Amino acid sequence: QVQLVESGGGLVQAGGSLRLSCAASGRTISSDVMGWFRQAQGKEREFVAAINWSGGTTLYAGSVKGRFSISRDNAKNTVYLQMNSLKPEDTAVYYCAARDRANMRLMPADFGSWGQGTQVTVSS
């Protein structure tokens, strides 16, 4: 079983940037599809971005496309989410997730391992 630990969250003003990291341990994630999801208070968890094993394929939710960028460093067993031009509506707990299959999926149920989440708060 892989353990995922997110970091990099915090409080930022609208228009600012944050970089989230997700460090994996317990096994390599180099073959996994990795995803970022978020859950705002009172709302369901939603897909943000996903990346395939090589980093050659990435997918984004429409609400973050052009502002967020997902990447990975398989040598470091780590996945990143660069968030630029942040908006108050981006405020949420952000979760990293691993899917030990090669095909890309966007639903939370398709990911078997999750981190504990990191809070991102964007003030207006």
Side-chain angles (χ1 to χ4, degrees):
Q1 185 75 357
V2 64
Q3 290 79 46
L4 304 173
V5 178
E6 302 95 335
S7 62
L11 174 64
V12 64
Q13 288 188 334
S17 298
L18 284 174
R19 189 194 195 203
L20 305 184
S21 298
C22 171
S25 61
R27 65 167 177 82
T28 178
I29 58 168
S30 60
S31 299
D32 292 30
V33 170
M34 298 298 296
W36 285 97
F37 293 79
R38 68 187 182 187
Q39 188 166 16
Q41 194 167 8
K43 296 187 177 181
E44 293 188 353
R45 193 168 297 189
E46 65 174 3
F47 168 76
V48 174
I51 187 167
N52 77 329
W53 70 273
S54 68
T57 300
T58 56
L59 296 173
Y60 296 93
S63 58
V64 307
K65 197 169 187 178
R67 301 188 297 121
F68 290 12
S69 178
I70 187 171
S71 61
R72 67 191 298 161
D73 185 338
N74 286 337
K76 295 183 178 180
N77 228 27
T78 301
V79 179
Y80 305 97
L81 184 69
Q82 178 67 44
M83 305 186 295
N84 298 327
S85 302
L86 283 162
K87 304 175 181 180
E89 50 263 44
D90 294 318
T91 295
V93 177
Y94 283 71
Y95 296 91
C96 173
R99 169 177 168 78
D100 61 352
R101 298 287 188 274
N103 50 336
M104 298 281 273
R105 290 289 187 267
L106 309 182
M107 299 298 293
D110 294 315
F111 289 76
S113 301
W114 292 82
Q116 82 291 346
T118 185
Q119 177 70 47
V120 171
T121 302
V122 184
S123 62
S124 57

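Fair warning: this is a prediction, and the values are worked out from it, not measured in the lab.
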- Show the numbers, then the answer: is there a salt bridge (charged side-chain N to carboxylate O under 4.0 Å, His left out) between D110 and R101? CA-CA 9 Å; D110 294 315; R101 298 287 188 274; over 6 Å; no

- Smallest heavy-atom separation, A24 atom then L4 atom, equals CB-CD2, 3.7 Å

- Item | 4.5 Å side-chain heavy-atom contact, W114 and R45 | yes

- Any side-chain heavy-atom pair of T91 and V120 under 4.5 Å: no

- Compare every heavy atom of L81 with every heavy atom of A49, then report the nearest pair and how far apart it is. CB-CD1, 4.2 Å

- Residue pairs passing the side chain to side chain donor-acceptor pair (under 3.5 Å) test with at least one member in residues 9-21, sequence neighbours excluded, are S17-N84

- Message: Under a 4.0 Å threshold between the charged nitrogen and the carboxylate oxygen, would R72 count as salt-bridged to D32?
- Response: no

- Query: With side chains defined as the heavy atoms from C-beta onward, is the minimum distance between L20 and V79 less than 4.5 Å?
  - Reply: no

- Message: Take a 6.0 Å sphere around CH2 of W53 and say whether it holds more than 12 heavy atoms from other residues, nucleotides or ligands.
- Response: no

- Message: Test your reading of the model: is there a side-chain donor-acceptor pair from S30 to the backbone of T28, 3.5 Å cut-off?
- Response: no

- Message: For a quick test of reading the model, state the closest non-hydrogen atom pair linking L18 to L86 and the distance between them.
- Response: N-CD1, 3.9 Å

- Any side-chain heavy atom of F47 sitting closer than 4.5 Å to one from L59? yes

- Residues M83, V12; criterion side-chain contact (heavy atoms from CB on, under 4.5 Å); working and verdict: CA-CA 11 Å; M83 305 186 295; V12 64; over 6 Å; no

- Going through the checks in order, is the side-chain contact (heavy atoms from CB on, under 4.5 Å) test met by T57 and I51? CA-CA 6 Å; T57 300; I51 187 167; over 6 Å; no

- Which atom pair, heavy atoms only, marks the closest approach of Q116 to Y95? O-CE2, 3.5 Å

- Task: Taking the six-membered ring for Trp and the full ring for Phe, Tyr or His, determine whether the centres of F37 and F111 are under 6.0 Å apart.
- Result: yes

- Grab the two heavy atoms, one from E46 and one from R38, that are nearest each other, plus how far apart they are. OE2-NE, 2.6 Å

- Who pairs with R105 by salt bridge (Lys or Arg N to Asp or Glu O under 4.0 Å), at least two apart in sequence or on another chain? none

- Closest approach of M104 and V33, non-hydrogen atoms and distance? SD-CG1, 3.7 Å

